[in-house]
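Beneath this line is the structure, given in structure tokens, with notes to follow.
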Amino acid sequence: MSERNYAVKMRASAGGAHISGAEKIVPAAAVPRTVAQLAERALTHAKGVPDFVNVKIEDPGEILRLESLPVTTHVTATAAEGWAKATELLKGAGIVRIGEIMARFGETSSMRGAMLLDADTLERLEPDPARGVRATYMDDAESLLKGSASGKNHYAEAIVLATKVQHAPGIVGEICVSDDPDYVTGYVATRDLGYCRITTIKEKGSPDGGRIFLYRGPREQVAETLRFLEEQPVVVEHVPVLGAVAAERRWDGLAAELEGFRAAGLNRVCTTLDAPTGPTAVVDGKPLVVLSSNDYLDLARDPRVTRAAADAARQWGAGSGGSRLTTGTQPPHAALEAHLARFKGTESALVWATGYMANVGTVSALVRKGDAILSDELNHASIIDGCRLSGADVVVYRHADLDDLEHKLAGCREHRRRLVVSDAVFSMDGDLLDLPRFLEICRRHDAFSMIDEAHATGALGATGRGLCEHFGCGHPDVLLGTLSKALGVEGGFVCGSRLLVDYLRNRSRAFIFSTAPGAANAAAADAALAVLEAEPERVARLRANTAFFVAELAKHGIRTRTDSAIVPILVGDEKKALAVAEKVRAAGFLIPAIRYPTVAKGQARLRAAVMSAHTEAQLSAAAESVARALRG
Ligand code: WAQ
Ligand code: MG
């Protein structure tokens with residue numbers, strides 16, 4: 001049985017003049033706390049000391065739950081600019097006599113409530129024009145969780161009010177200017193536009209403000225509209241928190257940029273997967289098949305791997321206590337590096353805390369000003385960041401176009417060092433680098449060759465040793481990989497000559513100035529490597545599963561190709577990709593949409609990643625749900 005809710009309302013005045021008011025809808029248990037908060041707010045208001053405070057507690061009856069209006073922020077520098085923006089927004093929303101409506105703000109400053117105006121005839125519809133109509137019995141569903149309800153949060157209260165108002169029968173729009181002399185942000189709201197914050201809509205210091213609610217509909221309905229505004233209890237859910245922190249001006253630019261992302265379908269959030277890493281998970285209480293994990297070989301939850309981590313943590317401690325060059329190297333670190341070198345067949349190896357750091361720390365250490373880097377245009381962001389940080393001249397060649405590489409490399413003869421760097425498996429398309437030819441070109445031009453085997457280690461070659469094994473060719477000078485994907489742990493590494501590793505140990509700032517990953521991490525990666533060596537059939541299963549999934553997609557007319565475990569399903573438009581991913585998720589499969597800037601604009605896609613542990617039933621059901629979502 002759900003707990004009873006109460007409406008708690010506060011009003012404070014001095015000499016009969018209104019000072020402040022506020023209201024909350026809270027569960028019974030929170031009533032005493034809420035009363036205390038509202039009393040504090042009444043007694044400490046900037047407008048003055050009250051001689052009368054009324055706090056009322058009542059059962060509001062059946063509560064209507066509404067989804068918050070979406071929020072957009074328009075940054076304006078002056079009141080005039082803000083006024084023009086408000087006018088433009090309402091005009092766009094079909095309000096015709098907008099100039100005359102805005103002029104009515106001259107009448108609102110003495111009103112306690114809002115002016116209710118017929119949007120077309122401009123007649124006033126409230127029974128008491130001196131007071132106006134007050135929207136009451138409303139609150140934010142999460143207000144209790146948000147802490148301090150004592151001070152006024154203009155934004156949080158306004159969006160609740162605006163959401164309620166826009167759901168009242170016949171209401172087509174609202175415009176609001178605070179009467180708080182220091183609060184220059186106002187808003188325009190309609191059902192379609194949502195809540196449009198306008199960062200400056202009045203001059204600082206002006207006590208004039210007010211609200212106008214715009215009504216369009218039959219006169220007989222006005223009574224129902226007033227009843228809804230004044231009596232219907234409303235709780236607003238999912239109020240965007242963005243604006244709540246953005247009440248001070250320095251946040252305006254950030255808020256506007258984020259809103260731009262939202263409007264373009266480019267906003268990002270973290271989805272919480274409530275399960276051990278693996279082929280299935282639970283999100284928001286719903287079981288899902290995960291078709292997007294890089295834990296390709298299902299090693300992250302393997303008992304041999306997790307036990308190694310737990311044992312090492314017990315034996316060596318949770319954290320390493322220092323950088324690798326000071327006090328952070330313990331036996332598991334040394335053992336892992338030796339194991340990696342054996343596994344890849346190189347003299348030596350070095351480990352960084354993440355694959356990102358390994359790339360940034362290696363590229364920026366190997367070359368500097370006066371050197372040249374040749375980089376595939378679709379290389380991973382960590383390579384790009386390493387290039388930028390190095391100070392070397394960066395020459396980008398067309399994706400997988402080794403003729404273009406050769407041509408551009410020929411133009412870099414005068415540079416002191418040349419480094420050519422490429423992903424082994426391109427992370428957004430799943431295609432491979434032609435390694436034998438790449439190595440031949442680098443050798444001929446006396447350039448360092450470097451490949452990033454993030455998605456190749458454990459996934460390519462008969463025993464998962466990567467791209468060299470896949471092609472049966474020699475090693476590049478710098479063989480970079482991660483522990484975070486097929487090996488199921490985390491970290492990045494470089495395998496290569498002793499000279500290379502000694503150099504990087506001395507020069508890589510991401511290695512030198514970072515605390516060493518804990519021994520548990522190193523021991524887990526070491527154990528995962530041992531499992532991979534003992535069970536190469538995992539790699540074969542991964543490959544068979546990938547081929548099966550691609551064939552299932554093809555049955556539904558979805559043509560995609562891959563040379564790895566990454567299966568890109570191109571959609572194009574960013575918002576459409578999000579909608580498709582959403583439908584696929586509703587059907588029980590987690591395949592996120594990948595959008596700009598991770599891929600080019602207009603190249604949005606679902607990026608599926610297959611695991612050795614998926615069943616054919618899971619894969620064929622996933623293919624079917626993707627096909628259905630793409631159709632409509
Ligand atoms: N119902 C109707 N009208 C009201 C109500 C109400 N419950 N509360 C206030 N008004 C009218 C009244 O005429 C006030 O003078 C006027 O609105 C302004 O009220 O995203 O603080 O409480 O940061 O001063 C906008 C937030 C803040 C923008 C608006 O309004 C943002 C604000 P205030
Ligand atoms: Mg005010």
Side-chain angles (χ1 to χ4, degrees), residues 7 9-12 17-25 41 45-47 68-76 82 85-86 104-117 124-126 128-140 151-166 168 171 174-189 193-202 206-215 225-226 228-234 236 239-249 251-252 255-256 259:
K9 291 183 161 188
M10 176 276 286
R11 273 187 72 173
H18 175 78
I19 292 183
S20 72
E23 61 174 285
K24 297 271 148 204
I25 296 178
R41 177 160 155 181
H45 200 274
K47 269 196 190 162
S68 171
L69 295 176
V71 177
T72 50
T73 301
H74 301 268
V75 177
T76 49
K85 176 54 79 177
R104 302 296 286 270
F105 263 99
E107 302 161 39
T108 61
S109 47
S110 57
M111 293 169 59
R112 284 253 298 120
M115 181 183 284
L116 182 64
L117 215 55
R124 292 194 58 175
L125 305 173
E126 332 84 279
D128 178 356
R131 172 181 177 270
V133 53
R134 279 190 69 84
T136 58
Y137 294 109
M138 62 210 169
D139 199 2
D140 172 352
K152 172 163 173 131
N153 180 333
H154 290 83
Y155 159 78
E157 291 178 16
I159 184 148
V160 166
L161 183 148
T163 299
K164 179 178 187 188
V165 169
Q166 290 312 307
I171 295 291
E174 179 192 351
I175 172 163
C176 168
V177 178
S178 177
D179 56 22
D180 194 330
D182 288 331
Y183 203 81
V184 297
T185 300
Y187 68 87
V188 158
L193 295 174
Y195 181 94
C196 305
R197 308 185 71 213
I198 297 171
T199 57
T200 303
I201 199 168
K202 72 165 188 178
S206 157
D208 295 336
R211 278 184 160 92
I212 297 178
F213 299 162
L214 296 165
Y215 175 88
T225 302
L226 291 169
F228 183 94
L229 291 170
E230 293 177 340
E231 291 166 31
Q232 172 64 52
V234 164
V236 178
V239 169
V241 291
L242 162 68
V245 300
E248 293 165 292
R249 305 305 306 276
W251 296 99
D252 289 351
E259 282 315 324

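For the numbers below, each heavy atom of this structure counts, side chains included, while hydrogens, waters and symmetry mates do not. Counting starts at 1 for both ligands and their atoms, following the listed order.
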pair [X]-[Y]: side-chain heavy atoms closer than 4.5 Å:
X: Leu117; Y: Arg124; answer: yes
X: Asp140; Y: Ser68; answer: no
X: His154; Y: Thr185; answer: no
X: Phe105; Y: Thr108; answer: yes
X: Arg197; Y: Val71; answer: yes

Between ligand 1 and [X], can you find any atom pair, the residue atom being a heavy atom, that is separated by under 4.0 Å?
X: Val165; result: no
X: Val71; result: no
X: Glu157; result: no

Atom indices of ligand 1 within 4.0 angstrom of [X] heavy atoms, with elements:
X: Leu161; value: 1 (N), 5 (C), 6 (C), 7 (N)
X: Ala158; value: 25 (C), 26 (C)
X: Val133; value: 1 (N), 2 (C), 3 (N)
X: Tyr195; value: 20 (O), 26 (C), 28 (C), 31 (C)
X: Arg197; value: 20 (O), 23 (O), 31 (C)
X: Gly210; value: 13 (O), 16 (C), 17 (O)
X: Val177; value: 18 (C)

* **Residues that Tyr187 engages under ring pair (Phe, Tyr, Trp, His ring centres under 6.0 Å), provided they are two or more places apart** =>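 So Tyr187 forms a ring pair (Phe, Tyr, Trp, His ring centres under 6.0 Å) with Tyr195.
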Has ligand 1 got any nitrogen or oxygen that is less than 3.5 angstrom from a nitrogen or oxygen of [X]?
X: Cys176; result: no
X: Thr185; result: no
X: Ala135; result: yes
X: Asp179; result: yes
X: Met111; result: yes
X: Ser178; result: yes

Given [X], which partner from the list [options] fulfils the side-chain contact (heavy atoms from CB on, under 4.5 Å) test?
X: Thr136; options: Glu231, Gln232, Lys9; value: Lys9
X: Leu161; options: Glu174, Arg134, Gln166; value: Glu174
X: Val133; options: Val165, Leu116, Leu125; value: Leu116

Could you tell me whether [X] approaches ligand 1 through its side chain, its backbone, both or neither, with non-hydrogen atoms closer than 4.0 Å?
X: Arg134; answer: both
X: Leu229; answer: neither
X: Ile159; answer: neither

* To do: Would you indicate which of His154, Met115, Arg211 comes nearest to atom 30 (O) of ligand 1 when only heavy atoms are counted?
  =>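 Checking each option, the heavy atom nearest atom 30 (O) of ligand 1 is found in Arg211.
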* Asked: Between the candidates Gly113, Ala114, Ala22, Ser110, which shows the shortest non-hydrogen contact distance to atom 13 (O) of ligand 1?
  -> Gly113
* Asked: Has the side chain of Lys85 got a donor or acceptor atom that lies under 3.5 Å from a matching backbone atom of Thr200?
  ->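 Pair absent, no side-chain N/O of Lys85 close to backbone of Thr200.
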* Structure fact -> Interatomic distance, CE@Met111 vs CG@Asp179, rounded to 0.5 Å, equals 12.0 Å
* Taking atom CD1 of Ile171 and atom CG of Leu214, what is their separation to the nearest 0.5 Å? -> 7.5 Å
* Asked: Heavy-atom count around Arg11 CZ within 6.0 Å, excluding the residue itself: above 12?
  -> no
